[in-house]
Amino acid sequence: MNLSCSQWQDNSESVKHFAFAKFSAAAEQCLLLFTLILLMFLASLTGNALIALAICTNPTLHTPMYFFLANLSLLEIGYTCSVIPKMLQSLVSEARGISLEGCATQMFFFTLFAISECCLLAAMAFDRYMAICSPLHYATRMSRGLCAQLAVVSWAVGCVVGLGQTNYIFSLNFCGPCEIDHFFCDLPPILALACGDTSRNEAAVFVVAVLCISSPFLLIIASYGRILAAVLIMPSPEGRRKALSTCSSHLLVVTLFYGSGSVTYLRPKASHSPGTDKLLALFYTVVTSMLNPIIYSLRNKEVKAALWRTLWKKALTRGLMLNRLSDRVPLFFFSF
């Protein structure tokens with residue numbers, strides 16, 4: 001690995017390329033991991049794409065809650081696509097290198113989608129708060145314009161933070177080693193490769209992580225605190241059950257996403273280890289993205305019904321096309 005790293009440095013000893021470390025020296029383990037991650041990646045892409053398609057094509061789901069859910073599915077697709085393809089290549093190929101520009105691009109998109117998801121989950125919590133605590137004013141207050149603004153702000157915050165963090169990290173000098181002890185260009189492992197004292201940079205990255213993770217999370221906690229207070233004073237047990245069931249899927253997704261993200265980015269540097277960081281990163285980049293469509297489709301009858309309608313329409317359309325083709329084939333041959 002050191003030999004291949006040395007060929008990517010110019011005369012000034014400035015690193016121009018990085019290389020991801022091997023997952024394992026055993027080819028069988030790499031192949032097994034490749035198969036598992038590929039299956040989860042395909043399941044995540046399929047599930048999130050179907051949910052976004054079902055919401056877009058079913059007018060009954062054109063409500064604020066499902067508008068945010070469609071945005072969440074799109075973020076999950078971008079989130080996984082920014083990381084997993086390169087990781088899969090590194091598992092089964094010796095071509096594990098990535099250019100400085102490619103690494104910066106991957107970091108930008110990963111940060112963009114991750115921070116946007118933090119903000120969007122807070123917007124979804126606010127939507128549930130308005131639906132349960134102010135049901136009479138929900139339709140007027142959660143208008144299409146406000147929902148669009150919340151979604152745009154979520155994406156914009158992710159874009160700004162992604163640009164800022166990426167520019168800040170890659171303004172540093174990298175003079176070797178060039179092997180990234182991770183499977184994608186995440187902030188901590190790239191900072192570890194920078195030359196000189198990076199304590200100020202690490203502190204700045206930590207502060208941004210605290211603000212971008214903790215601030216939306218506190219908004220979520222505040223929203224659900226008000227929701228819980230409103231549910232407890234509901235006179236009807238059926239009303240309490242229905243109100244809580246509409247929040248359960250979102251709460252589970254928040255727990256998975258923020259739990260793994262907080263452990264990764266907010267714990268002290270001394271407690272970090274490459275093995276633990278890789279395991280956590282696999283969880284929040286692959287497993288969580290795969291579980292989100294399952295959680296929302298299993299816990300929500302409307303999403304489940306919309307998914308079946310979408311799949312049924314596609315099956316009927318394909319069947320009609322095959323019937324038309326089979327009707328034309330005999331005529332084609334008969335014309336000769």
Side-chain angles (χ1 to χ4, degrees), residues 44 47-79 113 116-158 216-231 234 236 238-258 288-289 291-311:
S44 173
N48 283 297
L50 281 175
I51 284 183
L53 182 63
I55 291 172
C56 291
T57 57
N58 286 272
T60 56
L61 298 184
H62 291 177
T63 63
M65 182 174 72
Y66 295 114
F67 169 76
F68 290 128
L69 180 55
N71 272 270
L72 181 66
S73 294
L74 294 176
L75 282 172
E76 291 287 1
I77 291 172
Y79 191 61
F113 293 123
S116 297
E117 186 163 339
C118 287
C119 297
L120 191 71
L121 288 172
M124 294 173 78
F126 176 72
D127 170 68
R128 292 298 83 208
Y129 159 72
M130 292 299 297
I132 294 171
C133 298
S134 301
L136 298 179
H137 304 98
Y138 176 70
T140 54
R141 290 181 179 176
M142 291 301 294
S143 62
R144 287 188 177 184
L146 178 60
C147 293
Q149 288 173 17
L150 290 172
V152 169
V153 167
S154 299
W155 285 81
V157 169
F217 185 68
L218 289 175
L219 290 174
I220 293 171
I221 294 297
S223 297
Y224 276 107
R226 298 293 298 273
I227 288 171
L228 184 61
V231 168
M234 287 182 178
S236 167
E238 180 65 21
R240 289 197 294 269
R241 186 196 64 79
K242 187 176 180 181
L244 290 174
S245 67
T246 61
C247 301
S248 58
S249 298
H250 181 252
L251 272 174
L252 188 52
V253 169
V254 167
T255 302
L256 290 172
F257 184 80
Y258 275 95
T288 304
S289 298
L291 290 177
N292 285 355
I294 298 173
I295 292 168
Y296 276 107
S297 59
L298 289 180
R299 301 284 300 176
N300 194 305
K301 292 180 180 179
E302 291 178 319
V303 172
K304 208 184 318 185
L307 283 172
W308 280 114
R309 283 196 298 269
T310 302
L311 292 172

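Worth knowing before you read on, the calculation uses all heavy atoms, side chains too, and leaves out hydrogens, waters and symmetry mates.
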For [X] versus [Y], what's the shortest heavy-atom pair and its separation?
X      : Y      : value
Gly158 : Ser116 : CA-OG, 3.4 Å
Tyr224 : Ala125 : CE1-CB, 3.9 Å
Pro59  : Thr57  : CD-O, 3.6 Å
Cys147 : Phe67  : O-CE2, 3.4 Å
Ala122 : Ile220 : CA-CG1, 3.6 Å

Checklist entry - Knowing that exactly one of Ile227, Leu252, Leu228 qualifies, which makes a side chain to side chain contact (heavy atoms under 4.5 Å, CB included) with Cys247? => result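 For Cys247, the side chain to side chain contact (heavy atoms under 4.5 Å, CB included) check succeeds only for Ile227.
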Point-to-point distance, once rounded to the nearest 0.5 Å, from [atom1] of [X] to [atom2] of [Y]:
X      : Y      : atom1 : atom2 : answer
Cys119 : Leu219 : SG    : CG    : 9.0 Å
Tyr138 : Arg128 : OH    : CZ    : 5.0 Å
Asp127 : Arg141 : CG    : CZ    : 13.5 Å
Ser44  : Ile294 : OG    : CD1   : 9.0 Å
Leu251 : Met124 : CG    : CE    : 11.0 Å
Leu218 : Ser223 : CG    : OG    : 10.5 Å

Checklist entry - So does Arg240 have more than 12 non-hydrogen atoms from other groups sitting under 6.0 Å from CZ? => result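 It does: Arg240 CZ has more than 12 such atoms within range.
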Next on the checklist: Does Phe217, at its CZ atom, have more than 12 non-hydrogen atoms belonging to other residues, nucleotides or ligands within less than 6.0 Å?
Outcome noted: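 Result for CZ/Phe217: open.
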Checklist entry - Would you say Tyr129's side chain and Gly225's backbone share a donor-acceptor pair under 3.5 angstrom? => result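 Absent.
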Item to check | Check: His137 side chain, Ala131 main-chain N or O, donor-acceptor pair, under 3.5 Å | outcome: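 The answer is no, because no donor-acceptor pair under 3.5 Å joins these two groups.
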Item to check | side-chain hydrogen bond (donor to acceptor under 3.5 Å, both in side chains) pairs, two or more places apart, involving residues 67-79 | outcome: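 Those involving residues 67-79 are Asn71-Trp155, Glu76-Ser289, Glu76-Asn292.
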Item to check | salt bridge (Lys or Arg N to Asp or Glu O under 4.0 Å) partners of Arg241, counting only residues at least two apart | outcome: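 By the salt bridge (Lys or Arg N to Asp or Glu O under 4.0 Å) rule, Arg241 matches Glu238.
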Next on the checklist: Do Leu69 and Leu61 have side chains that approach each other closer than 4.5 Å (heavy atoms only, starting at C-beta)?
Outcome noted: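 No, every pair of side-chain atoms sits at 4.5 Å or beyond.
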Next on the checklist: Contact between His250 and Leu121 at the side-chain level, heavy atoms closer than 4.5 Å - yes or no?
Outcome noted: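 When only atoms from C-beta onward are counted, Leu121 and His250 do touch, with a gap below 4.5 Å.
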Checklist entry - Going through the distances and angles, do Met234 and Ile132 end up as a side chain to side chain contact (heavy atoms under 4.5 Å, CB included)? => result CA-CA 10 Å; Met234 287 182 178; Ile132 294 171; 3.9 Å; yes
Item to check | Intermediate values then yes/no, side chain to side chain contact (heavy atoms under 4.5 Å, CB included), Leu120 and Glu117 | outcome: CA-CA 5 Å; Leu120 191 71; Glu117 186 163 339; 5.5 Å; no
